[in-house]
Number of protein chains: 2
Amino acid sequence: MKERRQRAILTLVATRPVHSQEELVALLQRQGFEVTQATVSRDVKELGLAKVPIKSDRGDEIFKYVVPSAAVNYVSRLHRW
Amino acid sequence: MKERRQRAILTLVATRPVHSQEELVALLQRQGFEVTQATVSRDVKELGLAKVPIKSDRGDEIFKYVVPSAAVNYVSRLHRW
DNA sequence: AGTGAATAATAATTCAAG
DNA sequence: CTTGAATTATTATTCACT
């Protein structure tokens, strides 16, 4: 079902760097969700996940999907408003 | 030059909704920058611009490029920490 | 280093269907 | 209303060149 899958997605992207929707598909399938890229694309959209460029460990720029609320937490920790 | 173009990009995405890199190319060309999608893709990466799903005026979800700091402003306005 | 043309890779949407 | 297969659209990268 959609809700469980979307929860799983939020947990996944909060837990580790997810670089593409295909990677997300693979991770979800490992957890037993039968899902395709088309659906993940829709989930990403509904969840409002952003694709952002980040610095990798080796210094080069890569991409990662992030939860909007993660940005909030990050920012609040930075500024302590 | 790269720096001027990237400044222009930041201004553009802060000023209005930019939905794709091709749109960015068109807007830049209007300002006299000769640039292609390949370069804009690299600029987006260097600037750390995120592609995020947003609600359009008509209620449907579309995509938009945003500056990370724009997320900060948005969030701070939401929460008034 | 910075870029564009071409290409590969990735992501969004359409179309049909349950 | 939700989904997958196929398709289209978009974006990232490669390769050559400067």
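The figures here come from the full heavy-atom set of this structure, side chains too, leaving out hydrogens, waters and symmetry mates. Just so we're on the same page: letters track the sequence lines, and every chain starts at 1.
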Separation between CZ of A:Arg5 and CG of A:Leu10, rounded to the nearest 0.5 Å: 11.5 Å
Side chain to side chain donor-acceptor pair (under 3.5 Å) partners for B:Thr11, two or more places apart: none
For the residue pair B:Ser56 and B:Ile62, what are the closest heavy atoms and their distance? CB-CD1, 3.7 Å
Going by salt bridge (charged side-chain N to carboxylate O under 4.0 Å, His left out), name the pairs with one or both residues in residues 47-59 of chain A, residues two or more places apart or in two chains. A:Lys55-A:Glu61
According to salt bridge (charged side-chain N to carboxylate O under 4.0 Å, His left out), does anything in residues 11-34 of chain B pair up with another residue at least two apart or in another chain? List the pairs. none
Counterpart residues, salt bridge (charged side-chain N to carboxylate O under 4.0 Å, His left out), relative to A:Lys45 (two or more places apart): none
Does B:Arg42 have any salt bridge (charged side-chain N to carboxylate O under 4.0 Å, His left out) partners at least two apart in sequence or in another chain, and if so, which? none
Rounded to the nearest 0.5 Å, what separates atom NE2 in A:His19 from atom CG in A:Leu24? 12.0 Å
Side chain to side chain contact (heavy atoms under 4.5 Å, CB included) partner of B:Val66, chosen from B:Val52, B:Val13, B:Ile54, B:Val18: B:Val52
Nearest 0.5 Å, what's the CD-NZ distance between A:Gln6 and A:Lys2? 5.5 Å
Axis bend over the full length of the helix from C:dA1-D:dT18 to C:dG18-D:dC1, computed from five pairs that close each end, to 10 degrees: 30°
Strictly below 4.0 Å, heavy-atom distances to any atom of DNA chain D: list the hits from residues 1-26 of chain B, or just say none. B:Ser20, B:Gln21
So if I take residues 33-54 of chain A and measure heavy-atom distances to DNA chain C, which residues fall below 4.0 Å? A:Gln37, A:Ala38, A:Ser41, A:Arg42, A:Lys45, A:Lys51
Contact interval (first through last nucleotide) of DNA chain C with protein chain B, 4.0 Å heavy-atom: C:dG2 to C:dA12
Taking side chain to side chain contact (heavy atoms under 4.5 Å, CB included) as the criterion, tell me which of B:Val67, B:Leu27, B:Leu49 meets it with B:Ile9. B:Leu49
Could you tell me from which nucleotide to which nucleotide of DNA chain D, 5' to 3', there is an atom under 4.0 Å from chain B heavy atoms? D:dT10 to D:dT14
What residues, two or more places apart in sequence or in another chain, satisfy side-chain contact (heavy atoms from CB on, under 4.5 Å) together with A:Thr36? A:Ala38, A:Thr39
Excluding sequence neighbours, so at least two apart, what forms side-chain contact (heavy atoms from CB on, under 4.5 Å) with B:Ser41? B:Gln21, B:Gln37
Do B:Gln29 side-chain atoms and B:Val35 backbone N/O form a donor-acceptor pair below 3.5 Å? yes
Passes side-chain contact (heavy atoms from CB on, under 4.5 Å), A:Arg7 versus A:Glu3? Steps please. CA-CA 6 Å; A:Arg7 283 184 194 285; A:Glu3 189 175 326; 2.8 Å; yes
